[in-house]
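In what follows, every heavy atom counts, from backbone to side chain, and hydrogens, waters and symmetry copies are set aside. These numbers come from a predicted model, not from an experiment. We count ligands from 1, going down the list as the structure has it; atoms in each ligand are counted the same way.
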Amino acid sequence: MGKQVMVVGSGFAGLTAGALLQKEGFNVTLLEAAAEWGGCAGKFQRKNFTFPVGATLGMGFEPGGLHKKVNDYLSIKTDVSELETVMDVRIGNRLFPYYTERSRFLTMWEKEEPNDSLRIMSFFEEVWRIGQTLRRHMLHYPVLPPQSKQEFSAFIRGFSPMSVTLLPYLGRTLGSLVKKHKLEKCHAFTHFINGVLMDSMQTTYEKCELMMGATALDIYHHGAFYVKGGLYRVAESLVNSLKQNGGVVKKPRKVESIRKRGDKWIIIDHRNNEYEADHVVLNVPIAAIGDLLDGSDYDKLKPSLKNKEDPTLQWGTFTTYLAIRDEMIPEDLNLFHQVMIDPEQDPSGANHFFMSLSEKDDTFRAPKGYRTMTVSTHIDLKNWQSKEDYDEQSKKIYTSVLAKLEELAPGASEALPYQMTGGPRAWEKFVKRNFGGVGGFPQIKANALWKAIQHRTKVDGLWLCGDNVFPGAGSIGATSSGVHVARSISGERIV
Ligand SMILES: Cc1cc2nc3c(=O)[nH]c(=O)nc-3n(C[C@H](O)[C@H](O)[C@H](O)COP(=O)(O)OP(=O)(O)OC[C@H]3O[C@@H](n4cnc5c(N)ncnc54)[C@H](O)[C@@H]3O)c2cc1C
């Protein structure tokens with residue numbers, strides 16, 4: 001009989017680890033505390049509308065992309081359409097289309113910022129060179145630092161003569177490249193890249209670790225996708241794969257305690273059900289681990305991991321969910337918008353909004369004649385502690401979101417068929433992110449690459465995955481960490 005694996009949490013990371021291990025012949029049980037699968041990439045339904053809770057923009061569905069590889073391996077079919085323009089980036093009253101095609105993207109900069117365009121081009125060319133060299137490494141799922149024979153082999157297989165060109169970039173921030181190309185004063189350019197980096201790396205260019213930043217600025221050019229219905233459908237396909245291959249999935253089942261009895265792990269859920277496993281895979285926030293583990297096991301965790309438990313090391317998010325009449329949406333409105341906020345003109349305190357609209361006639365999201373929109377922004381959790389602050393901030397951001405919606409679709413905000421907001425408390429309650437911290441740790445030098453939390457722990461049979469763990473945030477980062485766990489437990493080069 002295959003070994004027993006308990007996966008705690010059904011985010012992209014836990015689902016990937018669980019589905020892959022089940023296919024490899026392990027006996028996987030996955031418990032999810034919430035009512036929905038998929039965590040931050042899950043969904044909720046109100047009236048006839050379906051809203052993605054957080055993640056909306058798909059990446060990694062192109063040939064060779066991570067989701068594509070995992071899905072092919074598990075024979076999962078996905079319903080995605082490739083976007084020619086990833087999103088429209090709005091800075092003040094200017095609009096910068098983010099084209100996936102590199103030459104079209106550079107031509108856009110030539111037109112928009114003619115005085116700086118040569119330097120902008122050379123910046124992106126350098127960044128893309130770094131990104132592409134790194135991608136060759138990432139395709140082999142490197143673990144940093146490598147420890148097992150398989151991890152060394154994955155690390156070495158990514159090497160090419162180009163790899164040595166990465167050495168001068170080690171230990172630097174993306175800010176050093178912006179400076180090198182003398183672009184600090186080109187406000188449109190710095191706002192543009194900051195919008196992208198905030199969303200994917202949780203930090204701005206001055207502080208972003210260079211390799212991670214280059215990956216973020218390269219990734220959309222490999223393909224960006226609208227996932228019909230939403231990324232939750234990919235999460236649900238992973239659940240189905242796990243079940244079809246004989247695994248067990250249960251929700252809502254909140255795991256409350258994990259401890260060792262002899263050489264087995266004993267896992268207890270909120271209904272006092274007891275489960276036994278050889279391996280436990282935690283897809284929970286780092287800040288939640290202390291409450292789950294027995295004192296002695298917890299003490300064995302690396303100090304570097306414990307240092308990351310402070311929830312205020314992560315950002316929070318404030319999300320707005322809107323149902324909109326289709327007739328109010330201009331025909332040519334892009335599905336994805338990054339709206340940069342000018343703090344002098346907008347008192348909400350938000351620095352940007354990421355606005356994602358459902359495709360016309362995507363009936364997984366809304367009945368015919370309607371669309372749904374998820375709008376998210378980063379918030380500093382320290383400013384949301386008292387009830388007064390919480391209510392005031394929520395009101396300000398919601399008002400500002402409606403004003404931005406009016407700019408994109410005049411009249412749309414006047415008769416919304418449904419609207420709802422979610423602050424840090426909602427993220428804690430419904431997606432179990434402690435204190436509402438989301439999106440993983442900012443990819444600054446202190447948290448990135450070698451400094452990131454690893455999927456393995458010092459406790460035998462205890463594994464970590466998710467966006468708090470290397471390589472970091474986003475459905476792709478989380479999925480990679482799930483692959484790392486599946487490879488380490490099985491000892492096989494899966495996917
Ligand atoms: C607002 C927002 C927008 C985003 N937009 C995008 C985007 O457009 N594209 C993109 O790729 N990424 C996006 N992301 C990031 C992406 O959604 C996340 O990084 C990724 O989904 C996180 O996956 P995860 O595996 O870390 O798990 P999570 O999503 O955190 O899921 C963990 C699961 O574990 C469960 N759990 C926790 N504790 C327990 C317990 N004790 N017992 C049982 N279950 C438990 C939770 O309920 C949850 O379902 C966005 C994130 C946010 C917040």
CA sep, side-chain torsions, deciding dist, call: His221, Tyr98, ring pair (Phe, Tyr, Trp, His ring centres under 6.0 Å): CA-CA 9 Å; His221 300 289; Tyr98 200 141; 5.7 Å; yes

Just distances here: any N/O of [X] and N/O of ligand 1 closer than 3.5 Å?
X	value
Thr56	yes
Ile476	no
Ala13	yes
Glu32	yes
Gly466	no
Gly14	no
Thr319	no
Leu57	yes
Lys254	no
Val255	yes

Looking only at heavy atoms of [X], does any of them come nearer than 4.0 Å to an atom of ligand 1?
X	result
Glu36	no
Trp427	yes
Ala288	no

Give the atoms of ligand 1, by number and element, whose distance to some non-hydrogen atom of [X] is under 4.0 Å.
X	result
Ser376	1 (C)
Gly9	33 (C), 34 (O), 35 (C), 44 (N)
Leu31	43 (C), 44 (N)
Val431	46 (C), 47 (O), 48 (C)
Ala41	21 (O)
Val8	40 (C), 42 (N), 43 (C)
Thr317	1 (C)
Gly39	29 (O), 31 (O), 48 (C), 49 (O)

Considering non-hydrogen atoms of the protein only, which is the closest contact for [atom], and what is the distance?
atom	value
atom 13 (C) of ligand 1	Ala55 CB, 3.4 Å
atom 44 (N) of ligand 1	Ala33 N, 3.0 Å
atom 30 (O) of ligand 1	Arg433 NH1, 2.6 Å
atom 10 (C) of ligand 1	Ser475 N, 3.7 Å
atom 52 (C) of ligand 1	Gly54 CA, 4.2 Å
atom 20 (C) of ligand 1	Asp467 OD2, 4.0 Å
atom 37 (C) of ligand 1	Lys432 CB, 3.5 Å
atom 31 (O) of ligand 1	Gly11 CA, 3.3 Å

Under 6.0 Å from the ring centre and within 45 degrees of the ring axis: does the NZ or CZ of [X] meet both conditions for the six-membered ring of [Y]?
X	Y	value
Arg487	Tyr141	no
Arg104	Tyr99	yes
Arg46	Tyr321	no

field: Thr78 and His67: side chain donor to acceptor below 3.5 Å
entry: no

- prompt: When you check the side-chain N and O atoms of Asp199 and His352, is any donor under 3.5 Å from an acceptor?
  reply: yes

More than 12 heavy atoms of other groups within 6.0 Å of Glu84 CD: no

- request: Assess whether side-chain hydrogen bond (donor to acceptor under 3.5 Å, both in side chains) is satisfied between His378 and Gln202, documenting all intermediate values.
  value: CA-CA 8 Å; His378 283 71; Gln202 319 294 321; 3.0 Å; yes

query: Does the separation of the ring centres of Phe105 and Phe124 fall below 6.0 angstrom?
result: yes

field: salt bridge (charged side-chain N to carboxylate O under 4.0 Å, His left out) evaluation trace for Lys254 with Asp269
entry: CA-CA 5 Å; Lys254 183 166 194 291; Asp269 72 16; over 6 Å; no

